[in-house]
Amino acid sequence: MKKALLFGALALAGVMALPATSALAKKAAGAVAALDTDDDGTVDLKEINKSATDLFASLETDADGTVDFKEMKGRVSKKDFKTADPDNDGTLSKDEFLTMVSTLFKDADPDNDGTLDAKELASKKGKALLRVTR
């Protein structure tokens with residue numbers, strides 16, 4: 001009887017976890033679909049850079065060719081922003097921004113195949129990359 005109750009409780013817990021997992025998978029798959037311009041089911045650095053360049057243009061609100069921490073709107077931590085700002089001028093040029101994006105891409109690509117699938121984009125590092133590309 002106890003085994004049956006335990007099995008039932010575990011089965012119910014598994015079923016209740018499915019919607020959250022499914023929602024996460026759908027969100028990651030949506031990110032792939034939105035970024036995957038060549039429709040190969042993955043996202044490569046060229047596709048990420050295109051999206052990041054578009055985001056940079058929309059974040060860069062004061063027309064000075066750079067984004068400062070405030071313009072980033074919480075997409076990165078102060079520490080990560082400072083790391084991405086090698087000249088310590090308090091802003092990121094487009095090149096500095098794209099270098100940061102490239103580093104985040106490599107971090108999110110643990111199999112080093114040069115592409116990201118939905119599972120990789122759903123990871124913690126994948127989510128960090130998405131924050132600076134969409």
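Here the side chains of R75 and L59 are in contact, with some heavy-atom distance below 4.5 Å. In this structure, V132 and M72 have side chains that are in contact, with non-hydrogen atoms separated by less than 4.5 Å. Put simply, the side chain of R131 does not reach to within 4.5 Å of the side chain of L104, judged on heavy atoms. At least one side-chain heavy atom of N49 sits less than 4.5 Å from a side-chain heavy atom of L98. Side-chain contact check for D117 versus V43: every heavy-atom pair is 4.5 Å or farther apart. Proximity of K46 to D38: side-chain heavy atoms (C-beta onward) are nowhere separated by under 4.5 Å. No side-chain heavy atom of L92 sits under 4.5 Å from any side-chain heavy atom of D68.
Judged as a side chain to side chain contact (heavy atoms under 4.5 Å, CB included), and not counting sequence neighbours, the contacts of S77 are K79, D80. Every side chain to side chain donor-acceptor pair (under 3.5 Å) that T37 has, sequence neighbours left out, goes to E47. Listed by chain and number, the residues in a ring pair (Phe, Tyr, Trp, His ring centres under 6.0 Å) with F105 amount to none (sequence neighbours excluded). Under the rule for a side chain to side chain donor-acceptor pair (under 3.5 Å), the partners of T42 that lie at least two apart in sequence or sit in another chain are D40. The side chain to side chain donor-acceptor pair (under 3.5 Å) test applied to E60 returns no partner, not counting sequence neighbours.
Atom CD of E120 sits about 6.5 Å away from atom OG1 of T115, to the nearest 0.5 Å. To the nearest 0.5 Å, atoms CG (L55) and OG1 (T53) are separated by 9.5 Å. Of the inter-residue distances, the one linking L129 atom CG with M100 atom CE reads 9.5 Å to the nearest 0.5 angstrom. Residue K70 holds its NZ atom at 8.5 Å from OG1 of T61, rounded to the nearest 0.5 Å.
Between the D109 side chain and the L116 main chain, no donor and acceptor come within less than 3.5 Å of each other.
For the side chain to side chain donor-acceptor pair (under 3.5 Å) condition, the pairs that include at least one residue of residues 90-108, sequence neighbours left out, are D89-T91.
Annotation for A84 and P86: closest pair O-CD, 3.0 Å, computed over non-hydrogen atoms. The minimum heavy-atom distance between R134 and A31, with the atom names listed, is NH1-CA, 3.2 Å. Contact detail for G90 and D85: the closest heavy-atom pair is N-OD2, 2.8 Å. Residues F97 and F56 approach most closely at CG-CD1, 3.6 Å, considering heavy atoms. Between T66 and E71 the shortest heavy-atom distance is O-OE1, 3.3 Å.
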